[in-house]
Every structure is written in structure tokens, then in C-alpha cells.
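Working notes for the structure below.
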Number of protein chains: 2
Amino acid sequence: MKLSTKGRYGLRAMLDLAMHSEDENVSINSISERQNISENYLEQLIAKLKKAELVNSTRGAQGGYSLAKPMEEISVGDILRALEGDLNPVDCALINGNSQCSDMDCCVTKSVWKKISDSINDVVDKITLRELCNDSKELEAKNIKTNSGCKL
Amino acid sequence: MKLSTKGRYGLRAMLDLAMHSEDENVSINSISERQNISENYLEQLIAKLKKAELVNSTRGAQGGYSLAKPMEEISVGDILRALEGDLNPVDCALINGNSQCSDMDCCVTKSVWKKISDSINDVVDKITLRELCNDSKELEAKNIKTNSGCKL
DNA sequence: TTAAATCCTAGTAATCTAGTGGGAATAGGG
DNA sequence: CCCTATTCCCACTAGATTACTAGGATTTAA
């Protein structure tokens with residue numbers, strides 16, 4: 001029941017992007033250095049974020065990435081689902097929104113999985129990148145170095 | 001971000017135990033047959049549940065397992081944590097209750113992980129085995145066969 | 001033209017999952 | 001006392017997944 005590095009690194013990368021892409025494109029290389037994440041691996045994570053239309057890319061020299069939408073329109077849920085797939089604790093048609101599940105009536109435990117799933121999605125959908133970005137700026141203002149080697 | 005079969009099978013096993021252990025001990029073999037879970041594997045799951053003092057065991061002939069506490073005192077959270085370890089989405093000292101985390105102030109994303117963690121634990125701690133058992137009995141009364149081959 | 005960048009695909013070591021297998025210890029019933 | 005049903009315990013493993021690494025093709029600003 002753990003988030004993989006995809007989700008963890010990916011959220012940090014998006015936050016980094018949010019913090020630095022206001023005036024110019026941000027290269028993978030620069031995120032990689034600031035966040036201490038392997039360049040090649042980060043590339044793959046950002047590819048997923050691009051596919052989910054959360055970031056834009058510009059190829060060529062002086063190219064890089066930027067947010068595809070305003071920060072307030074990107075939720076942590078959007079980011080995590082793009083990277084991890086759905087956030088449901090079990091793969092189940094009912095929970096994944098398909099009411100045609102043939103076992104719908106017979107699985108008592110499914111109600112449990114659905115409640116967990118709903119609560120996770122509720123939480124992450126309510127947090128926007130804007131909020132995290134503000135938190136981060138606040139810490140910076142206090143001269144606290146953010147993400148000093150911590151990989152979470 | 002998935003629950004493993006440990007948690008899924010284990011919860012079903014506990015529910016099965018709750019449903020059948022009121023008058024007598026329940027053998028691994030009988031749970032295994034009803035729930036369609038490998039006997040040897042189930043053994044390992046129940047060992048964890050025993051270690052967490054959620055079930056009692058009696059060795060020898062006519063032996064088997066029973067709940068160590070009344071159903072209303074066993075939460076789904078107790079069961080899942082016994083089987084899966086903590087339910088936190090990341091391993092992090094702060095989230096695991098150790099306020100000595102050296103990165104406490106510098107990780108913006110940690111607030112996200114903590115919120116997810118809290119919401120999961122809240123949900124599963126509020127559901128008791130008694131409730132699931134009642135749900136299950138209700139379905140039985142309606143002559144709906146429970147858990148017909150569904151492994152969730 | 002060159003260098004900086006994204007884009008794309010394949011490989012891989014290490015770890016984890018979901019089991020399997022077998023045997024020792026225990027206890028109730030005949 | 002013996003048999004059988006049962007828990008208990010430990011070692012092994014095929015297959016999947018994770019977290020990368022490697023390298024080359026493509027694009028574009030200067």
C-alpha cells in the first residue's frame with residue numbers, strides 16, 4: 001500500500017516546475033539537479049504527465065517544460081493518477097466506476113475498498129498545486145531550504 | 001498504490017472466521033475451501049493476525065482459530081495493518097508518528113502524504129468486523145451467495 | 001552548423017509478491 | 001498408546017514489478 005517513486009518524484013517534479021516555469025521553460029536537467037532525481041528516469045515520469053496534459057513541452061535548444069494549466073487547476077490527484085494509475089486500493093469494476101460488476105451484490109469487502117478509494121481521491125483532489133506552491137514559497141521566505149536530500 | 005492479496009485475502013478470512021467461529025474453532029482448511037484461498041498461504045496470513053492478537057488458536061485435533069476479541073472491537077484497520085504493515089502511502093518518520101524527523105520543515109509534499117495517510121486510517125478504523133458481519137448476514141438472508149469466486 | 005534540448009525504445013539488477021513444499025509439534029478420540 | 005487432525009515453522013521459487021540505465025533519433029534557437 002505504498003506510493004511508488006513515480007508518484008513521489010513526480011509530485012516533487014511538478015512542484016519544482018510550478019516554482020520555476022513562470023517565466024521560462026524548465027529543462028529536465030535542471031529539475032533533475034534541484035530535486036536529485038535521475039535525469040533519464042525523470043524523463044519517463046514527465047512523459048506521463050505530458051500524456052495526461054498536465055505539462056507542455058518545447059523541443060530543441062532553450063526548450064523544456066511548463067505547466068499546461070494554471071496551478072489552481074491542477075490537483076495533486078491529477079498528478080498522482082497520471083503517474084500511478086488509479087488510486088484505488090484494489091482493481092475492481094465496481095470501484096472503477098463500472099456499475100456492471102457481476103459481483104456487485106456479493107462482496108461485502110468491496111464496500112470497504114470503495115470507502116478507502118473515495119477517501120483517498122477526495123483528499124488528493126482537494127489539494128491544488130497552487131497550495132503546495134504557496135507552502136513552498138512560505139518556507140523559502142523563512143530561509144528554510146526545501147527538500148534537502150529528502151526523497152519523499 | 002494497491003493493497004496486496006495479504007490484505008484482501010486476510011480481510012475475507014477474518015470475516016469468514018467471524019461468521020463461523022461463534023460456536024466452534026474454525027480450521028484453516030475450511031476457510032481455505034469456502035474462500036478459495038490456498039491453504040498454505042492462508043496459514044501465513046493467519047499467523048500475522050495471530051501475532052497481532054486478533055485471533056486465538058488451538059492446536060491439535062478439533063483445533064482451529066477463533067476471534068481473540070468481540071467483533072465490535074476489531075476494526076478493518078486493525079486487520080489491514082496487521083497484514084500489510086502501516087497503511088501510509090510513503091515511509092516517513094513524520095508520518096509514522098516520529099516527530100523527530102529531520103526533514104520535518106522542508107518537505108512540502110509530506111503534508112500531502114500525511115493527509116492521505118490520515119484519511120485512509122480514519123476510514124478503516126471506523127469500520128468494525130461486526131458491521132461487515134451484519135452486512136454479510138443480510139445478504140445471506142436474501143439468499144445471495146456471498147463471495148462467489150470473487151477474489152476481492 | 002552546432003549544441004541543447006525533448007522524444008523514444010530497449011534492457012536489466014534487485015526487490016517483492018504470491019505462492020509451494022515439507023516436516024515438527026500438539027492434542028482429542030478410540 | 002496410537003492415529004489423525006490440526007497448528008506451527010521455515011525454506012524455497014517463478015513471475016512480476018520497480019527503479020532505474022543506455023543510447024540513439026529528432027527538433028530547434030542561436
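As the structure is a computational prediction, the values presented were derived from the model and not from experiment. What you see below is based on every heavy atom in this structure, not just the backbone, and it leaves out hydrogens, waters and symmetry mates. Residue numbers begin at 1 in each chain, while the letters A, B, ... track the order of the sequences.
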OP1 or OP2 of [N] under 4.0 Å from side-chain N/O of [X]:
| X | N | answer |
| --- | --- | --- |
| B:Ser4 | C:dA18 | yes |
| B:Tyr9 | C:dA18 | no |
| B:Ser38 | C:dA18 | no |
| A:Tyr65 | C:dC7 | yes |
| B:Ser57 | D:dT7 | no |

What is the separation between atom [atom1] on [X] and atom [atom2] on [N], rounded to the nearest whole Å?
| X | N | atom1 | atom2 | answer |
| --- | --- | --- | --- | --- |
| A:Asn29 | C:dC7 | CG | P | 15 Å |
| A:Gln62 | C:dT2 | CD | P | 18 Å |
| A:Leu83 | D:dA19 | CG | P | 12 Å |
| A:Ile37 | D:dT18 | CD1 | P | 17 Å |
| A:Arg59 | C:dC7 | CZ | P | 6 Å |
| B:Glu24 | C:dA27 | CD | P | 19 Å |
| A:Ile46 | C:dA5 | CD1 | C1' | 12 Å |
| B:Gln44 | C:dT17 | CD | P | 13 Å |

If you check every side-chain atom of A:Lys6, which of C:dC7, C:dT20, D:dT18 has the closest atom?
D:dT18
Counting only side-chain heavy atoms from C-beta out, which of D:dA22, C:dA18, C:dC8 sits nearest to B:Tyr41?
C:dA18
Remember a base hit wins even if backbone is also touched, and classify [X] as base, sugar-phosphate or nothing at under 4.0 Å, heavy atoms.
| X | result |
| --- | --- |
| B:Lys50 | sugar-phosphate |
| B:Ile28 | sugar-phosphate |
| B:Lys2 | nothing |

Under-4.0 Å salt bridge between [X] and [Y]:
| X | Y | answer |
| --- | --- | --- |
| A:Asp122 | B:Lys115 | no |
| A:Lys110 | B:Asp135 | no |
| B:Asp118 | B:Lys114 | yes |
| B:Arg81 | B:Asp86 | no |

Verdict with reasoning, A:Met1 to B:Ile120, per side-chain contact (heavy atoms from CB on, under 4.5 Å):
CA-CA 11 Å; A:Met1 197 59 180; B:Ile120 294 173; 4.1 Å; yes
When you match A:Ala61 and A:Glu39 each to their closest nucleotide on DNA chain D, which lands nearer the 5' end?
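Whichever sits nearer the 5' end wins; that is A:Glu39.
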